[in-house]
4 protein chains.
Amino acid sequence: MSPPSRRTGRPRSVEADRAILGATRAALVELGWGKLTMGDVAARAGVAKTTLYRRWAGKNELVVDAVAAVFDEHLMSADCGSLRADIENVVVRFAELLELPETKTALMAVVAEATQDEALGARVRSAIVDRQKRLVLIGRERAQLRGELPREEDPGAAARNADLIFDVIAGSVVHRLLVSAEPVDAEWAQGFSTLLLQGLAAAAQPGGTTENGGGGPGGQNPAGSV
Amino acid sequence: MSPPSRRTGRPRSVEADRAILGATRAALVELGWGKLTMGDVAARAGVAKTTLYRRWAGKNELVVDAVAAVFDEHLMSADCGSLRADIENVVVRFAELLELPETKTALMAVVAEATQDEALGARVRSAIVDRQKRLVLIGRERAQLRGELPREEDPGAAARNADLIFDVIAGSVVHRLLVSAEPVDAEWAQGFSTLLLQGLAAAAQPGGTTENGGGGPGGQNPAGSV
Amino acid sequence: MSPPSRRTGRPRSVEADRAILGATRAALVELGWGKLTMGDVAARAGVAKTTLYRRWAGKNELVVDAVAAVFDEHLMSADCGSLRADIENVVVRFAELLELPETKTALMAVVAEATQDEALGARVRSAIVDRQKRLVLIGRERAQLRGELPREEDPGAAARNADLIFDVIAGSVVHRLLVSAEPVDAEWAQGFSTLLLQGLAAAAQPGGTTENGGGGPGGQNPAGSV
Amino acid sequence: MSPPSRRTGRPRSVEADRAILGATRAALVELGWGKLTMGDVAARAGVAKTTLYRRWAGKNELVVDAVAAVFDEHLMSADCGSLRADIENVVVRFAELLELPETKTALMAVVAEATQDEALGARVRSAIVDRQKRLVLIGRERAQLRGELPREEDPGAAARNADLIFDVIAGSVVHRLLVSAEPVDAEWAQGFSTLLLQGLAAAAQPGGTTENGGGGPGGQNPAGSV
DNA sequence: TACTAACCGAGACGGTACGTCTTGTCTTCAT
DNA sequence: ATGAAGACAAGACGTACCGTCTCGGTTAGTA
């Protein structure tokens, strides 16, 4: 997994790694993704451009790691006492995170680049996305301990379910903030949580995700029953 | 709308407009947003760069218009007979649209740029996003006619609700496709629809968006009732 | 010969040409060949690097033209009244030219590069060397008018002779100055002229360049006759 | 000469010295002076860059030594039986030496660098130039023994004379080959020798180098006597 | 035999110039 | 006035070399 762990030659400076990521973050705050340049980051870090390129293939990769560090700092999953409270909390915290000047533009830009560069996409997912997804798993676990959600028996279905929930939460918040350009406040978080909690309840029902498959006429009962 | 409607001098070539948007789209397919350049678009269109800049302020604006044209081509809202079917249909159609190489690479990129440029954001919303949001309104109208959803009395709440639903649908699909890089197939669409239909039911209940506001302890009943 | 003489597009700025050559010369004086950089020249000339590279393939070509301009400025062939005086004059003038800070290092460096780049060599010869060679032809013409030298009948031999004389004059002065690092003063010029005048006399004798071809034993008469 | 003559510690590898000079020569042949890099030489020699810099201050010094080694290999001064034959021989041999790819590309380059670095100039002269100059002295000695040239009484004048002759021979050949880029063949060697032998004769005449000093009008007799 | 100073390879480091590329503007001639 | 062509200033790109510096390890010579 690790590179053959060279043991010859001068070892890479861990100091430099820290300085570069810090400089990248500072540059993101000051200049934004668009005006950030490798040369500027190097200068801020007191480092040669070569040193950047030895570690990161380019601006995209560097920014992914810098943003990942910001995410790691803000990652948390406080137990708020109920599933609803946990969801509202994570929504608001995630929104706060996306409002930081160093993440907002950079994250979207990197995701855009990732559509053309599979390796970059993998890096984004492993360094940023998957770590956030962990919060969903933890939240579900807690809800199950509280008895708010039943334990799922099929591990495959459980994983698919977690993926769906994560895409819905993260996607909705991002879209609200960055596309619709509207704030994610307590009110919006409540409305969203209400919607999501009902969905979780339905998904938890046996066969919930496969019932009424064709979507053909006559399938109006889930909402029609209200 | 038009500037004082110039009447003197040579009129602008409508041919050129078409060629430029077509060339932009082709360049997006071949090169992706990142490698697309104004010079290349001009060359493909057989047009001078001056001609591009006379019509669009820059790469961002040009690409927004090119992408908007693609969206317009694919816009539709067939009545599939039920709310669930309508939702699944719009999800799958939207996913197909996002899988086109010219939109996939460009959409996140212009959204990223828009976070730094409010005018661009407004253009993105008016040219692309709002036209999609209309589909949500049409779908809700149809569901209300069918009796699947109640009519809302408060127009403000109705608008907020439509915004929420749109953010959830569009955001989830985009996140699934572009961030998680997983396919939006019939199965995923079903799971997502199930989740969303339950949410719509809850939101439609009187006071649904404000009940149980604080999310404090003891608020576990919505899902706990399952 | 000339490029198809484009008539479309913006014409190249003659102003820029002048500024660049001037800046190159100034940079040669201040920094010398080794420290001269394309970026610095561009900055001095108030010009973008692109503009340099549009006209010259690199540092070598640029410097050749800049040095050629210096040579052209100093080129002269005053009639000093006698062949000896003309030779001594051209030797001293050429030495002065080579002592200029903008020519000394640059000329040798460019000649060195030219050994690996035939196109550069051709440029050096046509822009610098051949124009100097003209002085030899003019000097010979004057000497023949004065009766100091006979007219040569074979034009091929005359050309070969001029080449030889030029290589001897230019080579000796360059070697004295740059390799031996000794001054070319009036005394050295006298000694050199004496040597050369005798050679010219010998070469002018019928069959002078082919007599005693083998160089075998017994061929000692030219000097032995002294 | 040597520093306090270290006596402790591991001695420097003589193997490495040989490998480095060999690699330098090979790199000169393949790449020429301009493209030769220290890193490349180190890699070819199977040696660390540190090892190069421990022995030579830089590219210039390294190349001077490598070229000097080539010159030493080719040094010779066969007695060809007459002064003319000796001259023609040395001219042709020197030309052969300069045609070697490792000297052709490097000699002018180090001379160019030497104009900016006096220490380097001294090194070039002591390692390369002066060893060649010895051939002139030997040739003159032989000619004097043969009676082709008179013995000079003033040792200062003799030294100046040798310097002049050396500059003329070496400079003319170098200029012919590297600047004019024309071959030094038997025919050119003959023409050059003829010219030089006459000059030697004149210079050997008492007062030859000072007569007719001003070069003023009326000084046309040396050639005018032809 | 053990110590130890100088050596060696590898390769990372800060710096700096390279030559290319793109952006958005400007200038020319022609329509 | 517009259009195609293309030069222009500005400035980032990613690469290449330079000469220095740390590493871990080797190799005499001395103790």
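Lettering of chains follows the sequences in order, A, B, ..., and the numbering in each one begins at 1. On a predicted model such as this, the values are computed, not experimentally measured, just so you know.
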request  = Any chance you could list the contact pattern along nucleotides 21-27 of chain E? Use B for base contacts, S for sugar-phosphate-only contacts and - for none, protein heavy atoms under 4.0 Å, 5' to 3'.
outcome  = BSBBBBB
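- Between the CG atom of A:Asn60 and the C1' atom of F:dC13 there is a distance of 13 Å, rounded to whole Å.
- Distance CZ (B:Arg55) to C1' (F:dT2): 9 Å, rounded to an integer number of Å.
- Contact between B:Thr51 and B:Arg55 at its shortest, heavy atoms only, is CG2-NH1, 2.9 Å.
- The residues C:Asp17 and C:Arg12 are annotated as not salt-bridged, no charged nitrogen and carboxylate oxygen being separated by less than 4.0 angstrom.
- Distances were taken from every side-chain heavy atom of A:Arg54 (C-beta onward) to each of E:dC8, E:dG14, E:dA12; the shortest belongs to E:dA12.
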Full working for side-chain contact (heavy atoms from CB on, under 4.5 Å) between A:Glu61 and A:Asp117 = CA-CA 11 Å; A:Glu61 286 76 8; A:Asp117 176 352; 4.1 Å; yes
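- In plain terms, the two heavy atoms of D:Ala23 and D:Arg44 that are nearest each other are CB-CB, 3.6 Å.
- Annotation: cation-pi pair A:Lys104/A:Trp33 absent, no NZ/CZ under 6.0 Å from the ring centroid and within 45° of its normal.
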ask   = What's the verdict on side-chain contact (heavy atoms from CB on, under 4.5 Å) for B:Tyr53 and B:Leu62, showing C-alpha distance, side-chain angles and the deciding distance?
value = CA-CA 9 Å; B:Tyr53 282 106; B:Leu62 172 59; over 6 Å; no
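- Per the geometry, CD belonging to A:Glu15 stands 10 Å off P belonging to E:dG14, to the nearest Å.
- Between A:Asp17 atom CG and E:dG14 atom C1' there is a gap of 16 Å when expressed in whole angstrom units.
- Residue C:Thr51 has a polar side-chain atom (N or O) positioned under 4.0 Å from OP1 or OP2 of F:dA9.
- The side chain of D:Arg12 contributes no N or O atom lying less than 4.0 Å from OP1 or OP2 of E:dA6.
- Taking atom CG of residue D:Leu52 and atom P of nucleotide E:dC8, one finds them 11 Å apart after rounding to whole Å.
- When the nucleotides E:dG15, E:dG9, F:dA9 are ranked by their closest atom to the side chain of C:Ala48, F:dA9 comes out on top.
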